[in-house]
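Here the structure is laid out as structure tokens; the discussion comes afterwards.
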2 protein chains.
Amino acid sequence: MTDKKPVTDKKSKYDQRYIAAVDAAAAVFAEKSYHGCGTIDIANKLNIKQGSLYYYFKSKEAALEAVCLVGITEQTKFLEELISKELSFEESVQAITRFSLKSQQERGDYMVVFNNERKSIPLERRGKVREQSHNYHNMLMDIFRSGQVKGEVKAELDILISVRAYTGLLSSASKWYHAEPDIDLENVLRQFSEVFLSGCLKPV
Amino acid sequence: MTDKKPVTDKKSKYDQRYIAAVDAAAAVFAEKSYHGCGTIDIANKLNIKQGSLYYYFKSKEAALEAVCLVGITEQTKFLEELISKELSFEESVQAITRFSLKSQQERGDYMVVFNNERKSIPLERRGKVREQSHNYHNMLMDIFRSGQVKGEVKAELDILISVRAYTGLLSSASKWYHAEPDIDLENVLRQFSEVFLSGCLKPV
DNA sequence: AATATTTTCTATATATCTATAGAATTATTA
DNA sequence: TAATAATTCTATAGATATATAGAAAATATT
């Protein structure tokens with residue numbers, strides 16, 4: 001064997017530690033908000049001293065940008081793959097809802113930070129995150145629009161408002177997921193889909 | 001006339017100024033977040049010096065509490081009155097949605113601060129705001145539950161999740177209202193009601 | 001083992017923010 | 001107008017935060 005190191009740790013020690021640092025930042029930002037915490041809180045979570053954090057981040061702002069980018073990139077990647085599958089509108093919405101809820105369970109810190117703190121990234125750094133957000137929004141718009149063209153979605157529906165309502169619904173879940181992490185995902189998924197797709201009134 | 005002052009200004013100069021201070025705090029907290037702003041930002045908006053603010057607020061935290069209380073109290077009061085009218089579920093949801101959207105247009109700062117910043121009130125002060133929030137939540141739960149009992153709402157719906165979905169939907173609107181203040185309220189109301197009550201799928 | 005590299009630590013310059021005390025100003029009342 | 005009360009100002013103590021530089025410790029390499 002020429003390689004002495006196990007094949008599993010492809011990442012350098014630095015890379016592993018950097019990821020741990022982003023994780024710690026996500027957790028702290030999610031709990032206390034970006035402006036509500038100090039770099040010392042992140043350092044504590046990593047068991048290093050406050051000053052050492054700057055070995056991994058050029059600034060506190062850079063840490064926030066990193067966290068937000070992870071959060072939104074996962075969602076856009078998923079959406080890209082989903083669109084290529086050309087599912088029905090109903091199936092698409094189910095799949096997106098499931099993925100979003102699962103992300104909120106497993107990586108809730110990242111979702112919360114992206115939802116609530118991204119506006120704290122200084123304007124000159126916000127470019128990449130904005131681009132991804134618009135990307136995500138536009139893909140959702142496409143899905144809803146083509147659902148309407150295919151006749152699955154009500155013709156009278158305003159696509160922009162529906163998309164916003166849908167994302168609002170999803171992001172709202174991140175708030176209570178954070179407080180109650182052991183909620184039954186499948187049940188929430190079923191209820192969300194039912195309400196969003198066919199409403200909460202009994203059909204007449 | 002014994003009264004020299006016009007009947008309209010019943011409020012003392014102090015009271016008027018205090019309200020202006022709460023307004024200013026709401027605007028600043030909504031824009032920069034509680035931890036992201038300084039008391040100097042609020043003072044600037046009032047055209048007074050930073051130290052003078054403490055004539056109206058015992059502390060920055062007290063200002064936040066005041067803003068949050070205004071925000072939630074308006075909503076709970078409305079809900080109390082609404083319940084006494086014993087409307088149908090559908091009418092109730094329409095009325096609540098309309099009032100919420102109107103509040104977000106007219107007093108968006110207060111809504112945004114209540115939604116996003118209330119967790120920054122220190123625990124020992126959070127009592128009143130929590131009480132009102134629970135109050136609001138419980139009244140909504142009652143409305144949905146009785147809608148189910150009356151047979152208007154689908155029997156299989158999980159009331160807790162539905163209420164959370166509904167409030168999530170409403171609060172999400174506050175985000176884009178803030179960015180685009182001249183949105184057509186009646187249109188949003190129509191779309192929200194349509195989606196939430198009967199879903200976005202075309203009936204089969 | 002000696003040397004080089006990576007990672008963490010200590011100490012600090014710099015800036016900022018909250019809250020307070022007492023003076024100054026403005027408005028109200030006698 | 002003089003006296004009193006209400007409002008705002010100035011100046012600052014005290015706390016805390018970010019970011020940097022260079023030393024120290026840990027790890028890897030020769």
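Letters go in sequence order (proteins before strands), and every chain restarts at 1. Hydrogens, waters and symmetry mates play no part in the numbers below; they use all other heavy atoms, side chains included.
Residues passing the side chain to side chain donor-acceptor pair (under 3.5 Å) test with Ser103(A) are Gln75(A), sequence neighbours excluded. Every residue was checked against the side chain to side chain donor-acceptor pair (under 3.5 Å) condition with Arg130(B), not counting sequence neighbours, and none meets it.
If you measure from atom CG of Asp15(B) to atom C1' of dA6(D), you get 13 Å, rounded to the nearest angstrom. Here dA19(D) presents its C1' atom at 10 Å from NZ of Lys58(A), a figure rounded to the nearest Å. The separation between Lys60(B) atom NZ and dA19(C) atom C1' is 12 Å, rounded to whole Å.
Less than 4.0 Å separates DNA chain D from no heavy atom of any residue of residues 26-46 of chain B. Interface residues of residues 47-57 of chain A facing DNA chain D, ordered by number: Gln50(A), Gly51(A), Tyr54(A); criterion, heavy-atom separation under 4.0 Å.
Remark: Lys154(A) engages Glu194(B) in a salt bridge, criterion side-chain N to carboxylate O under 4.0 Å.
Residue pairs meeting the side-chain hydrogen bond (donor to acceptor under 3.5 Å, both in side chains) criterion with at least one partner in residues 32-44 of chain B, sequence neighbours excluded, are Thr39(B)-Gln50(B). Pairs engaging residues 105-126 of chain A under the salt bridge (Lys or Arg N to Asp or Glu O under 4.0 Å) rule: Glu65(A)-Arg125(A), Glu74(A)-Arg107(A) [sequence neighbours left out]. Applying the ring-ring contact (aromatic ring centres under 6.0 Å, His included) rule to pairs touching residues 101-124 of chain B yields nothing, sequence neighbours excluded. Residue pairs satisfying the ring-ring contact (aromatic ring centres under 6.0 Å, His included) criterion with at least one member in residues 53-103 of chain B, sequence neighbours excluded, are listed as follows: Tyr14(B)-Tyr55(B), Tyr14(B)-Tyr56(B), Tyr18(B)-Phe57(B), Phe78(B)-Phe99(B), Phe89(B)-Phe144(B). Within the structure, every pair that satisfies the side-chain hydrogen bond (donor to acceptor under 3.5 Å, both in side chains) test and touches residues 162-175 of chain A, not counting sequence neighbours, is listed here: Thr97(A)-Tyr166(A), Arg164(A)-Glu180(B).
In this structure, Arg17(A) reaches the dT8(C) phosphate: one of its side-chain N or O atoms is under 4.0 Å from OP1 or OP2.
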